[in-house]
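First comes the structure, then the notes that go with it.
What you see is a predicted model, and the numbers here were worked out from it, not measured in a lab. Start at 1 and go down the list; that is how both ligands and their atoms are numbered.
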Amino acid sequence: QTGSANTNPSDSADDEYITSVSIGTPAQVLPLDFDTGSSDLWVFSSETPKSSASGHVTYSPSKSSTAKKLSGSTWSIKYGDKSSSSGDVYTDVVTIGGFSVKTQAVESATKVSTQFVQDTLISGLVGLGFDIGNQVSPRPQKTWFSNAASSLAEPLFTADLRHQETGSYNFGFIDTSLAKGTIGYTPADGSEGYWGFTATGYSVGGAKLNRNSITGIADTGTTLLLLPDNIVDAYYNNVESAEYDDSQEGVVFDCSEDLPSFSFGVGGQTITISGDLLNLTPIEEGSSTCFGGLQSSSDIGTNIFGDVALKAALVVFDLGNERLGWAQK
Ligand SMILES: O=C(NNC1=NCCC1)c1ccc(Br)cc1
């Protein structure tokens with residue numbers, strides 16, 4: 001068995017990617033953010049304060065004949081960008097890309113932080129990290145993918161995120177036609193709950209690869225590519241107008257600049273992010289100053305290969321072999 005779901009960028013900056021998910025009987029369809037950087041499936045619901053839920057599509061367990069309360073269970077989660085949510089737990093049927101998990105823990109939000117309140121484009125997240133990262137207490141729950149894996153043709157999924165166009169999450173199979181290059185594999189470390197891996201080096205503007213280990217995570221839930229300062233500086237030294245903007249908390253530059261590409265080595269392959277994928281958007285509507293897609297990871301302590309990097313590749317999240325595959329797109 002397999003599943004295949006389309007995913008769309010939420011806005012002109014590709015800030016996040018939205019995938020429709022069906023929950024309950026009859027189906028309640030919610031737009032959710034698939035996140036390989038976390039391991040909880042949570043939704044805005046009939047239990048979310050009306051003031052917070054305004055403008056969001058919500059899940060009502062009371063309207064689903066297959067919903068069951070997971071009594072005594074609660075959850076609370078805090079994300080890398082300081083956003084957070086918490087609530088209680090139901091189980092229900094959850095269908096993604098035509099594949100159904102009958103008894104999936106659906107975490108219902110009774111509290112959501114302002115970042116989520118304001119983002120009316122999504123109604124919650126689908127965590128695609130490792131089960132060890134699940135935040136349900138007293139008994140942690142499995143992710144949708146973990147529940148599906150044993151029934152899928154292969155225990156893996158792929159992410160094909162695209163700039164300003166429809167991409168896909170495929171479950172149980174690899175559509176190699178989505179990629180131009182060969183898929184290079186490297187071991188994945190799930191011990192922290194994330195898809196951790198080590199890149200073998202980087203280069204700017206098509207130069208020779210500087211060999212140095214860059215350990216980080218493949219995170220569909222983070223917009224940017226976040227790397228160490230020395231690499232960030234090496235990149236922006238090629239961008240004449242680049243400067244650090246305190247108010248924006250990142251490097252900005254003149255939107256008219258022709259940005260160099262950025263490449264990283266992984267699994268014996270070289271993934272090249274084109275310059276225009278690294279020029280996110282004007283810092284404000286109509287501004288001629290743009291915010292960089294590559295920023296520093298120094299205040300996080302972990303390097304994050306977020307959507308800016310993932311967009312350049314077909315990425316295989318191979319749970320069965322505990323490995324990550326990368327192919328140039
Ligand atoms: O939270 C993380 N990724 N997902 C999401 N971010 C914002 C909403 C969803 C995240 C995970 C690991 C590290 Br290290 C830093 C950040």
Side-chain angles (χ1 to χ4, degrees), residues 7-11 13-19 21 30-44 48 52 56 75-87 96 107 109 111-136 140 143-146 157 159 161 169 188-199 213-229 231-232 249-250 264 280 291 293-311 315 317 324:
T7 191
N8 290 291
S10 60
D11 57 24
D14 298 344
D15 275 314
E16 60 196 358
Y17 287 80
I18 299 173
T19 309
V21 175
L30 276 68
L32 300 181
D33 179 5
F34 284 20
D35 179 21
T36 57
S38 66
S39 307
D40 287 61
L41 192 166
W42 72 265
V43 293
F44 276 72
T48 311
S52 299
H56 290 264
W75 60 283
S76 178
I77 195 163
K78 187 157 186 164
Y79 295 99
D81 64 358
K82 310 288 179 267
S83 60
S84 62
S85 49
S86 59
I96 294 176
E107 300 169 34
K111 226 168 127 187
V112 288
S113 67
T114 48
Q115 295 100 315
F116 288 119
V117 171
Q118 289 164 358
D119 186 357
T120 53
L121 294 171
I122 61 165
S123 295
L125 269 69
V126 175
L128 294 172
F130 289 75
D131 287 342
I132 193 170
N134 182 262
Q135 299 296 298
V136 172
T143 68
W144 182 87
F145 172 62
S146 173
F157 65 91
L161 304 183
Y169 283 98
D189 168 13
S191 60
E192 304 269 308
Y194 316 126
W195 288 87
F197 73 102
T198 298
S213 288
I214 309 167
T215 297
I217 67 168
D219 183 6
T220 57
T222 292
T223 308
L224 305 179
L225 171 55
L226 304 171
L227 295 177
D229 287 336
I231 296 178
V232 174
E249 292 188 332
F264 59 95
L280 275 191
F291 193 77
L294 170 60
Q295 297 292 342
S296 169
S297 63
S298 56
D299 60 3
I300 301 174
T302 302
N303 299 306
I304 303 185
F305 292 77
D307 300 337
V308 162
L310 301 171
K311 260 181 270 184
V315 188
F317 295 80
L324 271 171

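Side chains of Asp40 and Ser38: a donor-acceptor N/O pair is absent below 3.5 angstrom, by distance only. Using modelled atom types and a 3.5 Å distance limit, the side chains of Thr7 and Thr19 yield a donor-acceptor pair.
For ligand 1, the atoms sitting less than 4.0 Å from at least one non-hydrogen atom of Leu125 are 9 (C), numbered in the order shown with element in parentheses. Atom numbering of ligand 1 starts at 1 in the shown order; those under 4.0 Å from a heavy atom of Thr302 are 14 (Br). Close contacts between ligand 1 and Asp81 involve ligand atoms 7 (C) [criterion: under 4.0 Å to a heavy atom]. Near Thr222, with a cut-off below 4.0 Å to any heavy atom, the atoms of ligand 1 are 3 (N).
Among all non-hydrogen protein atoms, the one lying nearest atom 15 (C) of ligand 1 is Ile304 CD1, 3.4 Å. Nearest to atom 6 (N) of ligand 1 among the protein's heavy atoms is Gly221 O, 3.4 Å. Looking from atom 1 (O) of ligand 1 to the surrounding protein, the closest heavy atom is Gly80 N, 2.9 Å. The nearest protein atom to atom 11 (C) of ligand 1, hydrogens excluded, is given as Gly37 O, 3.4 Å; this is a heavy-atom distance.
With Tyr79, Tyr194, Trp195 as candidates, the residue nearest to atom 8 (C) of ligand 1 on a non-hydrogen basis is Tyr79.
At a 3.5 angstrom cut-off on N or O pairs, Asp219 counts as close to ligand 1. By the 3.5 Å distance cut-off applied to N or O atoms, Asp35 is counted among the residues near ligand 1.
Asn134 places no side-chain N or O within donor-acceptor distance of the main-chain N or O of Pro140, the cut-off being under 3.5 Å. The backbone N or O of Gly127 lies less than 3.5 Å from no partner atom in the side chain of Ser39, so there is not a single donor-acceptor pair. For the pair Ser85 (side chain) and Val112 (backbone), a donor-acceptor distance under 3.5 Å is absent.
Below 30°, between 30° and 60°, or above 60°: for Tyr169 and Phe157 the angle between ring planes is between 30° and 60°, a tilted geometry.
Not a single heavy atom of Asp33 lies less than 4.0 angstrom from ligand 1.
With ring centers used as reference points, Phe305 lies under 6.0 Å from Phe264. The distance between the ring centers of Phe116 and Trp42 falls below 6.0 angstrom.
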